[in-house]
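Residue indices begin at 1 and follow the sequence shown.
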Amino acid sequence: MKLIALDMDGTLLTSNQEVSDRTKKAISEALAKDVHVVLSTGRALKTAYRYAEELKLQSYLITANGGQIYTVDKELLDQHTLETEMVDRMWNIGKEIGVHMWLISTDDVFYGEAPDNLHDHEWLKFGCQSDDKEKLDKMVKELSYYNNLELTNSLPTNIEVNPKGVSKANALRFLCERIGITMDEVMACGDSLNDIKMIQEAKIGVAMGNAQEAIKKVANHITDTNDHDGVAKAIEKFVL
């Protein structure tokens, strides 16, 4: 394996939003073997970057589900944005249905409240959350009328929307080309629908013990949970 792609929430991070000592050690040993370790997250750069620093990562970050790809020096390599009119439409649909929403722009993250003028920003991702499954189903139904959107989730209780064709898998392929490797040299770990394509396309696709059932079905290995060093155990088994 030449590259390890790690989802963050529910995968790399424990329920306390921390990286366990055993996982830090496994990542450090992989880096020492010149293996690329890449955070591949639905988060924005501003909420992901401190973990890249903490782990002393040396190459790239995939953020907003593949909406942006950065070097660890914060140089932007690739970006895919949503049409502002579409973001406005989704926000109004969400308001009508009554879900909690958030937006990721190229420069900020907005929770629960959209900025006064959506046109002041470039939009990477729309997200909404509800414990009411009926509301989420309604959102999926409404959004599925638009064929320019990519719908996934990062928890069973949310929906995440990117421009069509944006995925962590496509971002990884972009990086493989840049580095000069193939997806046959990649291990990917994740727990949610926004990880499904990278887990399917990586040579070693690892589902967390706490992953959604759909992820476990497509993975070729199921590791322990995010609270029991699942990522460390996968790295130890397949890379170290």
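Here the closest heavy-atom approach between residue K125 and residue G42 is recorded as NZ-O, 2.7 Å. For the residue pair G10 and M208, the shortest heavy atom distance occurs at O-CG, 3.7 Å. Nearest heavy-atom pair, G94 versus M139, reported as atom, atom and distance to 0.1 Å: CA-SD, 3.7 Å. S167 and K197 make their closest contact through CB-CD, 4.0 Å (heavy atoms, listed as atom of the first residue, atom of the second, distance). The two residues L136 and S130 have their closest heavy-atom pair at CD1-O, 3.7 Å. In plain terms, the two heavy atoms of A52 and L39 that are nearest each other are N-CD1, 3.8 Å.
A continuous path of hydrophobic side-chain contacts links M187 to I27 [ILVMFWY only; heavy atoms under 4.5 Å]. The hydrophobic clustering, which links ILVMFWY residues whose side-chain heavy atoms are closer than 4.5 Å, places I181 and V37 apart. Connection of L13 to Y49 is established within a shared hydrophobic cluster, with ILVMFWY side chains joined at heavy-atom distances below 4.5 Å, either directly or through further cluster members. Hydrophobic clustering (ILVMFWY, side-chain heavy atoms < 4.5 Å, transitive): M86 and I97 are in one cluster. Hydrophobic clustering (side-chain heavy atoms under 4.5 Å, transitive across Ile, Leu, Val, Met, Phe, Trp, Tyr) keeps I179 apart from V35.
Counting heavy atoms of neighbouring residues, nucleotides and ligands inside a 6.0 Å radius, atom CD of E53 exceeds 12 of them. The 12-atom threshold is exceeded at CD of E85, counting heavy atoms of other residues, nucleotides or ligands nearer than 6.0 Å. The number of heavy atoms from other shown groups lying within 6.0 Å of CD (E54) is above 12. Atom NZ of K138 has 12 or fewer heavy atoms from other residues, nucleotides or ligands within 6.0 Å. Counting non-hydrogen atoms of neighbouring residues, nucleotides and ligands closer than 6.0 angstrom, the NZ atom of K203 reaches no more than 12 such neighbours. Within 6.0 Å of atom NE2 in H228, 12 or fewer heavy atoms from other residues, nucleotides or ligands are found, so the atom counts as exposed in its surroundings.
Between the CG atom in L172 and the OH atom in Y60 there is a gap of 12.5 Å [rounded to 0.5 Å]. The distance from atom OG1 of T23 to atom CD of E18, rounded to the nearest 0.5 Å, is 11.5 Å. From M183, atom CE reaches atom CG of L175 across 10.0 Å, with rounding to the nearest 0.5 Å. Taking CG from N194 and OG1 from T41, the interatomic distance works out to 7.5 Å, rounded to the nearest 0.5 Å. Here N65 contributes atom CG and H80 contributes atom NE2; the two are 12.0 Å apart, rounded to the nearest 0.5 Å. Separation of atoms CD (Q17) and OH (Y51) is listed at 5.0 Å; rounding is to 0.5 Å.
Residues E96 and E142 are not in side-chain contact: their nearest non-hydrogen atoms beyond the backbone lie 4.5 Å or more apart. A heavy-atom distance below 4.5 Å is not found between the side chains of C176 and T182. Side-chain contact check for K168 versus D7: some heavy-atom pair is nearer than 4.5 Å. V99 is not listed as a side-chain neighbour of N158, based on a closest heavy-atom distance of 4.5 Å or more. With a 4.5 Å cut-off on side-chain heavy atoms, T223 and V231 do not count as touching. The shortest side-chain heavy-atom distance between L193 and I215 falls under the 4.5 Å cut-off. Under the 4.5 Å side-chain criterion, counting only non-hydrogen atoms from C-beta, Q129 is not in contact with L155. Looking at Y146 and M90, their side chains never come closer than 4.5 Å, going by heavy atoms from C-beta outward.
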side-chain contact (heavy atoms from CB on, under 4.5 Å) between L31 and L57, intermediate numbers included: CA-CA 8 Å; L31 291 171; L57 301 188; 4.1 Å; yes
Walk me through whether D229 and D224 qualify under side-chain contact (heavy atoms from CB on, under 4.5 Å). CA-CA 7 Å; D229 300 311; D224 214 329; over 6 Å; no
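Distance alone, capped at 3.5 Å, places no donor-acceptor pair between the D73 side chain and the E75 backbone. A donor-acceptor contact shorter than 3.5 Å links the side chain of D227 to the backbone of S15. No donor-acceptor distance shorter than 3.5 angstrom exists from the side chain of N170 to the backbone of V166, with no hydrogens or angles considered. In this structure, the side chain of Q212 does not engage the main chain of S192 through any donor-acceptor pair within 3.5 Å.
Screening T106, L103, L45, V109 for a side chain to side chain contact (heavy atoms under 4.5 Å, CB included) with L124, the sole residue that qualifies is T106. Just one residue in the list W102, W91, W123 forms a ring-ring contact (aromatic ring centres under 6.0 Å, His included) with F110, and that residue is W123. Under the side chain to side chain contact (heavy atoms under 4.5 Å, CB included) rule, V38 has a single partner from I4, I62, L61, V186, which is I62. Results of the side chain to side chain contact (heavy atoms under 4.5 Å, CB included) test with C189 over V206, D195, I204 single out V206 as the only residue that passes.
Screening residues 189-221 for ring-ring contact (aromatic ring centres under 6.0 Å, His included) gives H221-F238 as the qualifying pairs, with residues at least two apart or on separate chains. Residue pairs meeting the salt bridge (charged side-chain N to carboxylate O under 4.0 Å, His left out) criterion with at least one partner in residues 176-188, sequence neighbours excluded, are K2-E185.
Between K33 and E29 no salt bridge is recorded (no basic side-chain N to carboxylate O distance below 4.0 Å).
In the model, T157 has no side-chain atom that pairs as donor or acceptor with a side-chain atom of D131 under 3.5 Å.
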